[in-house]
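Notes to accompany the following structure.
Treat the numbers as computed from the prediction; the structure is a model and nothing was measured. As the structure lists them, so they are numbered: ligands from 1, and atoms in each ligand from 1.
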Amino acid sequence: MTTFAYSAAGPASVPCDVLVLPVFEGPEPGPGVREVKGADLLAHFRDAGLTGKLGEQLLVPNTGTLGVAAASVLLLGLGKRAEVRAEELRRAAGKVARQLAKRATVATTLAQAVGRQPAEAVQAVVEGHVLGAYRFERYKTSSQEGPDRLERYTVLGAPRWDARSARAAVARAETVATSVTFTRDLVNTPARDLTPAALAEAARAMAEEVGLEVRIWDERELAEGGFGGILGVGQGSVNPPRLIELAYRGAAASQPPIALTGKGITFDSGGLSIKTSEGMETMKDDMGGAAAVLGAMRAIALLKPKVNVVAAIPSAENMPSGSATRPGDVLRHRGGKTSEVLNTDAEGRLVLADALAYLAEQRPRAIVDAATLTGACMVALGEDLWGLFSTDRALARALLSAGEAVGEPGWELPLHRPYRALIDSDVADVKNIGKRYGGAITAALFLAEFVGDVPWAHLDIAGPAFRDKAGDYAPKGATGVPVRTLVAYVLGEASARPRAKRA
Ligand code: BES
Ligand code: ZN
Ligand code: MN
C-alpha cells in the first residue's frame, strides 16, 4: 500500500527514488525544474527531441551531479501552461503511474503547475496516480509487469499553500480514487462470479465497512413488493435477482434525500431476443451504473457531506431459457404500471422502472440514475461522453458541471415528449422499445414514466463505462465513470443552500 503525503519542501532537498518534474510546452520550464542546479535539465529535454506535450517523458539519472537528493529526475510533459487544468494533471500523473509503481519512493511538483486552486490540483495528482496505476489482475496467476513497490508518493506544494487543506485534498483524493477502483473491480469481474447475489454481498460488505445502512431484497421479497420488472428480467437465469438498498444520513431526518440508482444487469445476453456473440463480449459491464452508484455511496460515506443520500439498485441477470420472459409478455412494475416487453434485450429500463418508482415513493429532492442503457447513445455521443436526460434544469446543470469539473464530461440530449407516442403499447401502459431512430430518447422517455413529478436525471453511460483501449488514467476495461461525477454532484448539493421546498 502506498502512503500519500504532502510537503512544502523544496524539490531539490527531497530524498526519493524519482523526482517527477513537469515541463510545459513553450519557453518556460515547469515548477521545480530551475531548482535543479547541477544540470540544464531543460536542454536535455529539448535535445531528446521533446517539446513538452502532455505525457512526454525523459528520465535523467542522478549520478551525483544534479544537486538533488533524488536518485533520478523524471521530466514529464504537461502541454501549454495556459491550458493546464486539474484534468491535465490527472492525465499526466496517470500516464506515468505504472512506471512509478515500480519505484519505492516518488515526489512531484506536478500540482504546482496549476496556479489557482491548489487543493484541487493536489487532489487531481493523487487521483491521477491511483487511477492510472490501477490494474485488474485478480484472474492472473502471475503478474507480467512485476510487483508494485511504491511505498511513498509525496505531493510537493508551494510554501504559501495552506498545508491543512492540501493534506485534506490528499485524503479526499485517496477516498474518491479507491471508490472508483472499487467500482472498476466490480465491473471487470466476470458475470460467472458477479451474480446479482454476489453484487449484493459486495455491496453489503462495503456498506458495513464504511457505515452505510443496507438492506438486500431477495426474489421472494421483490415479489411481495411488486417489483415485476426486476423479476421479469431475472426469471430466465438460475441466478435470482436482487434489489440493493443503501442509506447515508448526513443531515436531519427531515431533509429529503438525494436518491441514486443504477442499472445492475450482471450479464446481458439479450434474453430470448438474443444478442450476437460479439454483442455479448463486453456485457459483463452491464452493471456499470449499479457499480458506479455503489462506488459513489462508498465515497460519500467516507467524505461525510451534510446531506442525506439513499440508493436502490436493481440487479438481475438477463438470460434466455425455458423460464425467460418472452416477447409479448406484460410485466407489472412497482407502483402498478404495466409494460409490454417486445424486445427482451431492452431490459435495463424494465429493472430501472421498479427502482425509480420505489425511490419516487420516498419523495426525494432528486433522483439520479446511471445506466449502460442504449447502443443508440453511443452512436450519438461516442465512447467518451455520457448522455444526460432530465426533467429539471437545475439538476441537469449541476450534473453537467460536476462531470466537466472532474474530467468525466457528459452532454445533454432532449427528453422530446412527442416521441412518447413511439412507446405506446396496444396492450399495456407502455412498451419497452420504440423504433430504431432516437433509441436513447425513447429509452429515457420510458424511464420518465416511473418518476412521477420528482426532479429526475438519467445518465446513459453505455459509452464511457467501459473502454476498448487504454486511456491516460484508465486501462482497457471498466473506467468507473460516473463515480466522480456523482460524488462531485452530491458534495456540491451538500454545500449549496437547500433549494426551496417543492409545493
Ligand atoms: N446493455 C445494452 C446497451 C449497450 C449496448 C451498452 C452496447 C453498451 C454497449 C442494452 O440492454 C441493450 O441491449 N439495448 C438495446 C436496446 C434495443 C433492443 C431497443 C440496444 O441498444 O441495442
Ligand atoms: Zn443491457
Ligand atoms: Mn440489453
Side-chain angles (χ1 to χ4, degrees), residues 187-188 191 194 196 199 229-230 232-237 241 261-292 313-320 324-329 331 339-355 369-387 389 413 419 422-423 425 430-447 458-469 476-479 481-482:
V187 177
N188 285 327
L194 199 89
L199 181 65
I230 300 173
V233 172
Q235 76 186 39
S237 171
T261 183
K263 174 176 173 182
I265 300 299
T266 56
F267 186 71
D268 182 13
S269 69
L272 289 173
S273 313
I274 199 162
K275 289 182 184 294
T276 60
S277 26
E278 203 193 322
M280 276 182 224
E281 266 179 33
T282 60
M283 282 301 127
K284 68 172 183 183
D285 79 354
D286 213 17
M287 33 58 75
I313 301 163
S315 183
E317 187 178 42
N318 188 23
M319 295 295 253
T325 289
R326 313 146 190 85
D329 280 355
L331 303 177
S339 68
E340 182 186 12
V341 181
L342 289 177
N343 188 320
T344 63
D345 197 12
E347 82 297 340
R349 64 199 78 182
L350 300 173
V351 299
L352 284 169
D354 286 355
D369 78 71
T372 48
L373 204 63
T374 67
C377 192
M378 300 174 75
V379 173
L381 297 177
E383 291 172 289
D384 282 357
L385 302 163
W386 37 270
F389 296 87
L413 296 171
Y419 292 172
L422 297 172
I423 54 171
S425 164
V430 64
K431 65 180 180 182
N432 81 328
I433 47 166
K435 56 179 192 183
R436 192 159 78 90
Y437 299 127
I441 301 176
T442 45
L445 286 166
F446 181 99
L447 299 180
H458 157 59
L459 277 61
D460 192 328
I461 59 167
F466 206 81
R467 304 183 56 101
D468 58 13
K469 61 177 198 326
K476 196 172 160 178
T479 59
V481 174

Checklist entry - Does the side chain of Thr372 pick up a donor-acceptor pair with the side chain of Asp286 at under 3.5 Å? => result yes
Item to check | Distance-only side-chain donor-acceptor flag, Thr374 / Asp460, under 3.5 Å | outcome: yes
Spatial distance of atom [atom1] ([X]) from atom [atom2] ([Y]) [nearest 0.5 Å]:
X      : Y      : atom1 : atom2 : value
Leu194 : Glu317 : CG    : CD    : 10.0 Å
Leu459 : Lys263 : CG    : NZ    : 14.0 Å
Ile423 : Leu342 : CD1   : CG    : 11.5 Å
Asn432 : Ser339 : CG    : OG    : 6.5 Å
Met283 : Ile265 : CE    : CD1   : 11.0 Å
His458 : Leu413 : NE2   : CG    : 9.0 Å

[options]: member with heavy atom nearest to [atom]:
atom                    : options                        : value
atom 7 (C) of ligand 1  : Met280, Met283, Arg436, Lys275 : Met283
atom 6 (C) of ligand 1  : Ala462, Ala465, Gly270         : Ala462
atom 16 (C) of ligand 1 : Glu347, Arg349, Glu281, Met287 : Arg349

Heavy atoms only, cut-off 4.0 Å: how does [X] contact ligand 1, side chain, backbone, both, or neither?
X      : value
Lys263 : side chain
Leu373 : backbone
Asp268 : side chain

Checklist outcome for this item: Heavy-atom nearest pair, Trp386 first then Leu381, reads O-CD1, 3.6 Å
Checklist entry - Given the protein's heavy atoms, is any one of them under 4.0 Å from atom 22 (O) of ligand 1? => result no
Next on the checklist: If you round to 10 degrees, what value do you get for the angle at the Zn ion (ligand 2) between Glu347 atom OE2 and Lys263 atom NZ?
Outcome noted: 90°
So if I count the atoms of ligand 1 from 1 in the order they appear, which ones are less than 4.0 Å from some heavy atom of [X]?
X      : value
Met378 : 8 (C), 9 (C)
Thr372 : 1 (N), 2 (C), 3 (C), 6 (C)
Ile433 : 19 (C)
Asn343 : 18 (C)

Checklist entry - Among protein heavy atoms, which sits nearest to atom 12 (C) of ligand 1, and what does the distance come to when rounded to 0.1 Å? => result Asp345 O, 3.2 Å
Item to check | atom 20 (C) of ligand 1 - nearest protein heavy atom and its distance | outcome: Gly375 N, 3.9 Å
Item to check | Backbone of Asn343 reached by a side-chain donor or acceptor of Ser273 within 3.5 Å | outcome: no
Item to check | Contact check: Asp268 to the Zn ion (ligand 2), N/O/S below 2.8 Å | outcome: yes
Next on the checklist: With respect to the Zn ion (ligand 2), please indicate if Gly348 possesses an N, O or S atom at a distance under 2.8 Å.
Outcome noted: no
Next on the checklist: Suppose the cut-off is 2.8 Å; which protein N/O/S atoms would you list for the Mn ion (ligand 3)?
Outcome noted: Asp268 OD2, Asp345 O, Asp345 OD1, Glu347 OE1
Does any non-hydrogen side-chain atom of [Y] lie less than 4.5 Å from one of [X]?
X      : Y      : result
Pro464 : Leu385 : no
Leu373 : Leu352 : yes
Asn188 : Phe466 : yes
Thr325 : Glu347 : no

Checklist entry - Hey, which N, O or S atom on Asp286 ends up closest to the Zn ion (ligand 2)? => result OD2
